[in-house]
Amino acid sequence: MKTSIEPVLEIDLTAVKHNYNFLKSFGSGVQIACAVKDDAYGIGALDVVRTLKDNCSVFFVAYAKEGELIRSFVPNADIYILQGIGENELSQIIKNHLIPVLSTLEDVQWWTSVTDESYALMIETGLNRLGLRTNEINELTISQRKKASLVMSHLACADDTAHPLNKIQLERFQSLKHLFPNAKFSLSASEGFLLGSSYLQDMVRIGALLYGINRSDAFKTNIRPVMSIKAAVLQTAVLPKGEYVSYGATFQAPKDMHLAVISLGYGDGLFRSLGEGKGGFYWHQKRLPILGRICMDSTMCDMAEATDLKPGDFIDVLNSFYTADEMAKDVGTIGYEIISRFGKGQRFQKKIKEA
Ligand SMILES: *Cc1c(COP(=O)(O)O)cnc(C)c1O
């Protein structure tokens, strides 16, 4: 009898701590803030915050309610709200001493009229997402500018170190700094570490590298994966030549084969686009290619490389060998989206390795 059939999601908090400490020593003298929005990209915001509470004093979330959730774990930390603020969030922001990141003239004028608390300002330098445009900065009064305790921008192409937009954004950012006499400055997220020290400014805001998502070779040996996933074999079967597999009968066995049915599907966050030959699972580092379409709760794979596989065994879906970044290449997305989706899976047995 199988002991358990539910898929397993493992979070290695020792890796979170290791990655944070590595980046802190790499960017020596620079404040390393942690982005824990979207439940820390699926890793678990509360777990990340309690792991780093003695090391890190600055956190970024998207919404006030996410900030309220972590506040009791880090009573003295600076918690920034990236999406800014609506009138309904004002009391929650004030009560929890959260700091809104403001991106419009109207929001800065409103905030400075309702409270004396400081704020962070996002300025637009090239991403064309959120941020005050240069001509709008000139409309801020001196006292409004003095209340900005942090001035930020966000790079569009930091993953491509040779991209000309990086330098353009840095120059635009530098040229505006003198307007904010009381502010600290922050331009880069994880991939800014690859661009050189001038991009690090006073503070770097890290998410991806903290959670083991790393597209570059530079940190390959230093950044450890945080999320791993295993799924149970529910059944193994002979697949005679000519038989089809899964919905739509998109795969036909070219020869006699063996298949295994795995307890993981798109309902758990596995991208359905990995079916039909693109993705695979692993058994002792041997690849088990996915056969046919991925179903909601299960997926079929070819066990030619794993003839000893039997029901109740757990195969690897994500591990240090086939990482979220590797899976992302097979899907055509980025590792961020892989872990954020799996992190929302409700049906995993969650195992936490404490730091
Ligand atoms: C999410 C986010 C970050 C963190 O980005 P990573 O690439 O995950 O390090 C930093 N700054 C802003 C404004 C963000 O939205």
Side-chain angles (χ1 to χ4, degrees), residues 15-16 19-20 22-24 26-27 30-45 48-49 52 56 58-64 66-67 70 78-85 98-104 107 119-132 148 150-161 163 165-166 169-170 173 184-195 199-216 218-219 222-227 323-325 328 333-341 343:
V16 171
N19 293 342
Y20 184 85
F22 166 72
L23 292 166
K24 193 157 184 161
F26 188 85
V30 174
Q31 189 151 42
I32 309 294
C34 295
V36 294
K37 63 198 187 191
D38 192 21
D39 201 20
Y41 301 24
I43 299 298
V48 169
V49 169
L52 297 177
C56 177
V58 185
F59 296 91
F60 284 85
V61 291
Y63 294 100
E66 297 177 293
I70 64 171
D78 291 340
I79 302 175
Y80 291 94
I81 309 301
L82 284 164
Q83 301 288 70
I85 181 174
L98 309 174
I99 309 170
V101 180
L102 305 177
S103 303
T104 69
D107 283 359
Y119 65 95
L121 182 69
M122 179 66 95
I123 56 176
E124 178 41 53
T125 58
L127 178 65
N128 282 299
R129 192 169 69 180
L130 292 170
L132 229 69
L150 176 69
V151 172
M152 307 163 46
S153 193
H154 198 49
L155 298 169
C157 304
D159 59 318
D160 178 359
T161 49
H163 201 291
L165 191 51
N166 293 324
Q169 289 197 259
L170 175 63
F173 191 69
K184 285 187 170 186
F185 299 94
S186 177
L187 175 62
S188 289
S190 289
E191 282 160 338
F193 276 112
L194 302 168
L195 299 176
Y199 287 83
L200 302 184
Q201 306 279 319
D202 300 315
M203 178 198 294
V204 179
R205 315 172 301 261
I206 55 165
L209 285 177
L210 186 61
Y211 310 129
I213 298 300
N214 173 27
R215 285 183 276 190
S216 87
F219 294 137
N222 298 306
I223 292 296
R224 295 193 198 148
V226 172
M227 180 185 287
T323 62
D325 294 294
T333 182
I334 51 176
Y336 298 62
E337 194 182 7
I338 300 288
I339 60 171
S340 147
R341 274 170 74 117

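The shown structure was predicted, so the numbers you read here are calculated from the model rather than taken from an experiment. Residues take their numbers from the sequence shown, with the count starting at 1. Start at 1 and go down the list; that is how both ligands and their atoms are numbered.
- Of the protein's non-hydrogen atoms, His154 CE1, 3.4 Å is the one closest to atom 12 (C) of ligand 1.
- Annotation for ligand 1: atoms under 4.0 Å from non-hydrogen atoms of Ile206 are 9 (O).
- Among protein heavy atoms, the minimum distance from atom 5 (O) of ligand 1 is reached at Ala189 CB, 3.3 Å.
- With sequence neighbours excluded, the residues forming a side-chain hydrogen bond (donor to acceptor under 3.5 Å, both in side chains) with Glu191 are Arg215, listed by chain and number.
- In this structure, the side chain of Asp107 does not engage the main chain of Leu102 through any donor-acceptor pair within 3.5 Å.
- No side-chain N or O of Lys184 forms a donor-acceptor pair with one of Gln201 less than 3.5 Å apart.
- Atom 4 (C) of ligand 1 has Tyr41 OH, 3.3 Å as its closest protein atom, hydrogens excluded (heavy atom only).
- Residue Ala208 approaches ligand 1 through these ligand atoms, each under 4.0 Å from one of its heavy atoms: 6 (P), 8 (O), 9 (O).
- In terms of polar-atom proximity, defined here as any N/O pair under 3.5 Å, Gly207 does make such a contact with ligand 1.
- Closest to atom 3 (C) of ligand 1 among all protein heavy atoms lies Lys37 NZ, 3.7 Å.
- The six-membered or imidazole ring of Tyr80 lies away from that of Phe59, with a centre-to-centre distance of 6.0 Å or more.
- When only non-hydrogen protein atoms are considered, atom 11 (N) of ligand 1 lies nearest to Arg205 NE, 2.9 Å.
- For atom 9 (O) of ligand 1, the closest heavy atom belonging to the protein is Ser190 OG, 2.6 Å.
- Of the heavy atoms in Leu82, only side-chain atoms (C-beta onward) come closer than 4.0 Å to ligand 1.
- Looking only at distances, a side-chain donor or acceptor of Asn19 sits under 3.5 Å from a matching main-chain atom of Ala15.
- In terms of protein heavy atoms, atom 7 (O) of ligand 1 is closest to Tyr336 OH, 2.6 Å.
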